[in-house]
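These notes are about the structure you will find just below.
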Amino acid sequence: MELNISLRKKPLKENQLFKEKLLRIEPYIELGFALFSGILILTGWILAKLDQQAASVFFYILAYVIGGYFKAKEGITDTVQNKTLNVELLMVLAALGSAIIGYWEEGAILIFIFALSGALETYTMSKSRKEISALMSLQPEEAWLIKDGKEVKVAVEKLQVGDHIFVKPGERIPADGCVIKGRTSVDQAAITGESIPVGKGLNDGVFAGTVNISGSITVEITKPSSETLFQKIITLVQNAESQKSPSQQFIDRFEGTYVKLVLAIVSLMLFLPHYIFGWSWNETFYRAMVLLVVASPCAVVASIMPATLSAISNGARKGILFKGGSHLESLGNLRAIAFDKTGTLTQGKPEVSQYLVKPNLEDEKQRILQIVAAIEKHSNHPLAQAIIRFATTKNQYVPFELDSIEDVSGWGVKAFFNGETWKIGKRAFMDGNIEEVIDEKQRSFLEEQGNTIVYIEKDQQVVAAFALKDIVREESKQAITNLQALGIEPIMLTGDNANTANAIASEVGIIHYIYECLPENKANEIRAIKEKYGLTAMVGDGINDAPALATADIGMAMGEGTDAALETADVVLMKNDLTKISQAIHLSKRMNRIIKQNLVFSISVIILLVMSNFFQSIDLPLGVIGHEGSTILVILNGLRLLK
């Protein structure tokens, strides 16, 4: 019986995998169908020129079927599900109307243009739906549960509030909780955005998804897995992405109204002119078909898509990746931009800003640096790596062999060299007087500038100190200046403390900033900014920024950011150059102007053709020329954005 059950399950699983694979490749198939229909139309046109009419019609029919398949399927499905007509159906009917009165080529071209624009839009937008899987990949699936004094590996979802779990160095913490045993440093960049690992000791809180760096700890779980801060990030992203923009809602309403109006008028045109104006039945049907063709929104659709794709291509050449035309269109109307600090306005890794030694030890300055670098080479801590980089640039990195070294989790490191005892770490880890190296006034000044200070002690005497700081990107200040010139308000959001936030904001020229922001706070702050200023963008690079990126009207990610940030964002700055934001805004404004020109022109042409048809002053060939000619003109106007 068990064998039979397993055999029945296997095909179901394979069938599900096949469906998932089909969904991934469907945008490529749709684009291929659209392009192939264009080849068929070209073939049919060539055959028509060679007086092979039957063969020409055959290729046009193939173009109808292949090019119109996805749009016809989409139109029918949406009509059934939403119980309303749509533009897809109108375009198909317009093409069929052309075929009925013998204009196969014109109908096929209508299908091709509409199918191609839809396929390209589907292909572009399909890449922005992977952020949830990127987030979930960082969630640990198993944890070491302490049960009856033993460590047992269990699934994270089985953990309950009050359980004790053991977290080893290098592992991700599987659940929110507090430390009840041990000391360590935790990399919280994925959650809080802090660039420097935070020391954790007794009763300190820890978050799921963060990385335990140095020491083993025992954690008591305070929240179930479904309510962790990490899970809240995922939920916030899902909720934000499910909300439609006001412009999209307007388009959805307009589409149904437009289609109903056109079909209603065409239906009346099938018989009313015969009785009212005395037209023959042939003339009446002919005019109804002409109306169906000239009233189709092909030129209106072409007013937007070619211009949008041209602008997207233009941006890509400049290192700006837009995931959809709606995001590019909205950029020109921005009123505020919120910036994450770590990895966005700053480089995201600490560097030594000052190296200080005890005044009477200036002659020992090089030797102290060499010994400190030799000790720090045994650590992967970001501060240690920054000191090694500093020593290397000063040509003072000498790989001394130490007698022994001891990692004191959460405090620093202790080493023995040539009978000397060295300590590197926090202020509270030192036994000597730190003011022999750095007085209180200087220490306060450095910390207010956003520095973290690491002290060096030799045989219970503080001999040196390093000030380390997350360095601001060179282009950050210029980027902020450019945005302010455009009348856009820049605002900084950061998980760091007030001193660090104030220092970075002052350096780049930002007036408004919000500090000590957890991910859920960032999303709430974005909502408040949107309410105060209007259309708002968010720029970030980490997992912790994902909810804010999704909540903002436009999310912008740095190219070197995490996968979740890149997938959640609507715009990606591939070269990590913040000055590209103002370029993107200028491109958006230019695109919006061209789209408005196209829409006014295409709608005017449709009105002119429709009125001419009512007065019987235009025949189908001239109607097709006017309709297709306006389409070509708006496409060419849109292609100007390539330059």
Side-chain angles (χ1 to χ4, degrees), residues 138-146 149-154 156 159 162-223 225 228-230 342 348-350 375-388 404-415 422-430 452-457 466 468 470 495-497 516 518-519 542-544:
L138 294 181
Q139 172 68 62
E141 296 181 357
E142 297 179 318
W144 291 103
L145 174 65
I146 299 176
K150 297 181 180 180
E151 298 168 13
V152 181
K153 184 174 284 189
V154 299
V156 169
L159 297 176
D163 283 347
H164 292 177
I165 57 174
F166 184 68
V167 186
K168 302 175 182 179
E171 292 182 339
R172 287 192 179 273
I173 297 172
D176 286 6
C178 65
V179 178
I180 60 173
K181 183 179 179 181
R183 299 192 67 88
T184 188
S185 294
V186 176
D187 181 358
Q188 298 188 155
I191 297 295
T192 67
E194 294 172 281
S195 56
I196 297 173
V198 179
K200 298 290 183 180
L202 192 63
N203 297 324
D204 287 335
V206 293
F207 301 112
T210 58
V211 181
N212 179 22
I213 294 180
S214 51
S216 298
I217 54 174
T218 301
V219 176
E220 180 177 333
I221 296 175
T222 56
K223 292 180 182 178
S225 60
T228 64
L229 187 58
F230 194 88
T342 305
K349 59 182 181 180
I375 296 172
E376 295 287 44
K377 79 171 185 178
H378 296 277
S379 173
N380 288 323
H381 195 286
L383 296 180
Q385 296 301 310
I387 291 174
I388 292 174
S404 65
I405 186 169
E406 177 186 350
D407 182 23
V408 184
S409 297
W411 295 98
V413 64
K414 187 175 183 180
W422 291 79
K423 293 171 74 175
I424 305 173
K426 297 180 177 180
R427 181 182 187 183
F429 188 45
M430 301 294 108
T452 297
I453 302 176
V454 175
Y455 299 93
I456 314 299
E457 183 178 280
F466 290 89
L468 299 102
D470 191 6
D496 281 334
N497 58 47
E516 295 181 355
L518 290 175
I543 293 288
N544 62 298

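No hydrogens, no waters, no symmetry mates; every other heavy atom, side chains included, goes into these values. Throughout, residue positions are numbered sequentially from 1 according to the sequence presented.
How far NZ of Lys426 is from OG1 of Thr452: 10.5 Å, rounded to the nearest 0.5 Å. Taking CD1 from Ile424 and CD1 from Ile387, the interatomic distance works out to 6.5 Å, rounded to the nearest 0.5 Å. Here CE of Met430 is found 5.5 Å from CD of Glu457. Values are rounded to the nearest 0.5 Å. Residue Ile221 holds its CD1 atom at 4.0 Å from CG of Leu159, rounded to the nearest 0.5 Å.
Applying the side chain to side chain contact (heavy atoms under 4.5 Å, CB included) test to His378 and every residue at least two apart in sequence or in another chain returns Leu402, Ile405. For Leu202, there are no side chain to side chain contact (heavy atoms under 4.5 Å, CB included) partners two or more places apart in sequence or in a different chain. With sequence neighbours excluded, the residues satisfying side chain to side chain contact (heavy atoms under 4.5 Å, CB included) with Lys168 are Trp144, Glu151, Phe166, Glu171. Under the salt bridge (Lys or Arg N to Asp or Glu O under 4.0 Å) criterion, Lys200 pairs with no residue, sequence neighbours left out. For the side chain to side chain donor-acceptor pair (under 3.5 Å) test, no residue two or more places apart in sequence or in another chain qualifies with Trp411. Checked against side chain to side chain contact (heavy atoms under 4.5 Å, CB included), Gln385 has the following partners two or more places apart in sequence or in another chain: Asn380, Ile388, Arg389.
Residues Leu468 and Val454 form a side-chain contact, since some pair of their non-hydrogen atoms from C-beta on lies under 4.5 Å apart. You'll find the side chain of Val186 reaches within 4.5 Å of the side chain of Ile173, heavy atoms only. At least one side-chain heavy atom of Arg427 sits less than 4.5 Å from a side-chain heavy atom of Tyr455. Val413 is not listed as a side-chain neighbour of Val408, based on a closest heavy-atom distance of 4.5 Å or more.
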key: Derivation and outcome, side-chain contact (heavy atoms from CB on, under 4.5 Å), residues Trp422 and Ile375   = CA-CA 9 Å; Trp422 291 79; Ile375 296 172; 3.8 Å; yes

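The minimum heavy-atom distance between Gly215 and Thr184, with the atom names listed, is N-OG1, 2.9 Å. Scanning all heavy atoms of the two residues, the minimum distance from Gly199 to Asp204 falls at O-OD2, 4.0 Å. Closest heavy-atom contact between Ala143 and Ile165: CB-CG2, 4.4 Å. In terms of heavy-atom proximity, Pro174 sits nearest to Val156 at O-CG1, 3.7 Å.
For Lys423 (side chain) and Phe429 (main-chain N/O), a donor-acceptor pair under 3.5 Å exists by modelled atom type. Under a 3.5 Å cut-off, the side chain of Thr210 and the backbone N or O of Phe207 do form a donor-acceptor pair. Side-chain N or O atoms of Ser214 include one that pairs as donor or acceptor with a backbone N or O of Ser185 at under 3.5 Å.
Applying side chain to side chain contact (heavy atoms under 4.5 Å, CB included) to Glu220 and the options Ile180, Val179, Asn203 leaves one that passes, Ile180.
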